[in-house]
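Since the structure comes first, as structure tokens, the remarks are kept for the end.
Remember, predicted model here, so these are calculated numbers, not experimental data. Counting starts at 1 for both ligands and their atoms, in listed order.
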Amino acid sequence: MTRAYISGLGTYVPERVVTNDELAGLMDTTDEWIRTRTGIETRRFAEPGQGPSDLAVPAAEKALEAAGITVADIDFIIFATSTPDYYAPGSGVLVQHKMGFREIGALDIRVQCCGFVYGLSIAEQYIRTGTFRHILLIGAEVQSTTINLSTAGRDISVLFGDGAGVAVISATEEDRGILSCHLHSQGEYYKEIFVELPTTTKSPRLSSEDLEDDRQWPRMNGREVFRHAVVRFPEVIQEALDANGLTIADITLIVPHQANLRISREVARRMKVAPDLVYSNIHKYGNTTAASIPLALADALDEGLIKSGDYLVLPAFGSGFTWASALIKW
Ligand code: UT7
């Protein structure tokens, strides 16, 4: 039986480290507020001119090297991002061009914080059916240009950071890899984390009046998002366990989307597991949306927390609302 597994992982974060104190110089916030409410200590901001495709390229190079394959071996590109370089075309084709891939398909997906897990599920289907042997799955974001770095945007802007995580998903006949993926959405909550503009529902998509009214920034109902997240994370983790006849005791590590350390701690509490079972590196990078799971997975591997044969759950929750999980035998 052919399965899909992560044969290589690579990450890249911009060099510029932005501390909480630096943000406190731009808006009415404090290091103490950000640390205690979110667990975030620093995040990375891209340089002007850098888009997510630029962050993805060095991460993809490392992922290919880790997988022991070259550009010529990749059959398909999936680019998960909520902050594409351009409105059109997608960022996947930019990576295809910048890295000199063959004229393969390049699919952008926009499922925000769940982008990487949705991408895994797409890759898994193509691999398991034998359509492709190697897929490049990218999660990359440049959030720093999309957030309001003034007091009016402080509830959102202190959370987000830039970065890229890339996985090569390959075919294997071994008893390992992605065992199942579980995808959900509930669009009635689409305005709870909302980037409204530019919109095709009016012309022009973004007017000077919109900019004067500060309507170009993301909006979020943080408390409502939090309330749903702490329910959906445990639910979708349990769904993955049930689908595979496993219990939480079989899981070596939960590597969730990094939304807020308090969300991860609450998930651990509700699942009655030690806080350390839910991996966190949010203190370093903040919330990097589609990039956060591969960035966390790479750090957990570097820290020696995952070994061959371990069961992992990768759950996510975010804008939409969408939520998802993947169960992986490493
Ligand atoms: O990937 C999914 C994306 N989003 C999330 O996962 C977000 C989920 N939600 C959260 O993480 C939390 O709701 C936040 C971190 C966004 C906010 O934490 P909270 O404990 O829910 O705070 P709050 O929204 O209830 O605000 C408490 C106070 C408010 O002041 P008042 O009304 O009590 O006077 C806010 O205005 O904190 C104020 N506040 C801030 N103060 C200092 C909001 N943002 C800040 C800030 N610095 N950056």
Side-chain angles (χ1 to χ4, degrees), residues 18-43 80-83 110-118 139-141 143-144 146-163 165 184-187 189-195 217-236 254-268 270 278-283 285-296 314-325:
V18 177
T19 63
N20 294 341
D21 282 333
E22 190 176 337
L23 294 182
L26 301 171
M27 64 186 82
D28 182 11
T29 191
T30 60
D31 174 53
E32 210 259 333
W33 192 97
I34 301 170
R35 273 176 204 261
T36 54
R37 299 283 177 144
T38 72
I40 299 166
E41 296 170 14
T42 57
R43 75 285 292 140
T81 185
S82 59
T83 52
R110 293 177 54 196
V111 205
Q112 296 67 244
C113 303
C114 293
F116 190 78
V117 180
Y118 269 66
E141 304 280 357
Q143 300 278 9
S144 54
T146 72
I147 49 181
N148 181 357
L149 291 165
S150 75
T151 299
R154 66 181 180 174
D155 59 326
I156 296 177
S157 55
V158 300
L159 299 177
F160 289 100
D162 303 341
H184 297 280
S185 69
Q186 197 175 16
Y189 295 111
Y190 77 100
K191 286 193 174 168
E192 303 298 346
I193 310 178
F194 194 36
V195 186
W217 306 115
R219 300 198 294 274
M220 181 177 74
N221 182 352
R223 284 185 200 182
E224 189 70 357
V225 176
F226 197 103
R227 201 169 66 77
H228 284 261
V230 297
V231 173
R232 295 307 191 184
F233 269 111
E235 208 174 84
V236 82
I254 296 169
V255 185
H257 163 56
Q258 306 287 305
N260 181 327
L261 182 61
R262 278 166 53 222
I263 292 178
S264 291
R265 289 275 151 83
E266 180 59 15
V267 170
R270 289 182 185 222
V278 184
Y279 184 77
S280 177
N281 67 352
I282 198 169
H283 59 287
Y285 303 131
N287 179 343
T288 55
T289 313
S292 88
I293 287 182
L295 281 170
L314 277 43
F317 176 89
S319 168
F321 293 140
T322 52
W323 61 104
S325 66

Could you check ligand 1 for N or O atoms lying under 3.5 Å from protein N or O atoms and list the pairs with distances?
unit_1   : atom_1 : unit_2 : atom_2 : d
ligand 1 : 1 (O)  : His257 : NE2    : 2.8
ligand 1 : 1 (O)  : Asn287 : ND2    : 2.9
ligand 1 : 9 (N)  : Gly222 : O      : 3.0
ligand 1 : 11 (O) : Asn260 : ND2    : 2.7
ligand 1 : 13 (O) : Gly222 : O      : 3.2
ligand 1 : 20 (O) : Arg37  : NH1    : 2.7
ligand 1 : 20 (O) : Arg262 : NH1    : 3.3
ligand 1 : 20 (O) : Arg262 : NH2    : 3.4
ligand 1 : 22 (O) : Arg37  : NH1    : 3.3
ligand 1 : 25 (O) : Arg223 : NE     : 2.4
ligand 1 : 25 (O) : Arg223 : NH2    : 2.7
ligand 1 : 36 (O) : Arg154 : NH2    : 3.2
ligand 1 : 37 (O) : Trp33  : NE1    : 3.3
ligand 1 : 41 (N) : Trp33  : NE1    : 3.3
ligand 1 : 47 (N) : Thr29  : OG1    : 2.6
ligand 1 : 48 (N) : Thr29  : OG1    : 3.2
ligand 1 : 48 (N) : Arg154 : O      : 3.2

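Expressed to the nearest 0.5 Å, how far CD1 of Ile254 lies from OH of Tyr279 amounts to 14.5 Å.
You'll find the side chain of Ser157 stays beyond 4.5 Å of the side chain of Asn148, heavy atoms only. Using a 4.5 Å cut-off on side-chain heavy atoms (C-beta onward), Val117 and Trp323 make no contact. Contact of the Met220 side chain with the Val225 side chain is registered, since non-hydrogen atoms from C-beta on lie closer than 4.5 Å.
Annotation: Arg262, atom CZ; neighbour count of heavy atoms from other residues, nucleotides and ligands within 6.0 Å is above 12.
Under the salt bridge (charged side-chain N to carboxylate O under 4.0 Å, His left out) criterion, Asp31 pairs with Arg35, not counting sequence neighbours.
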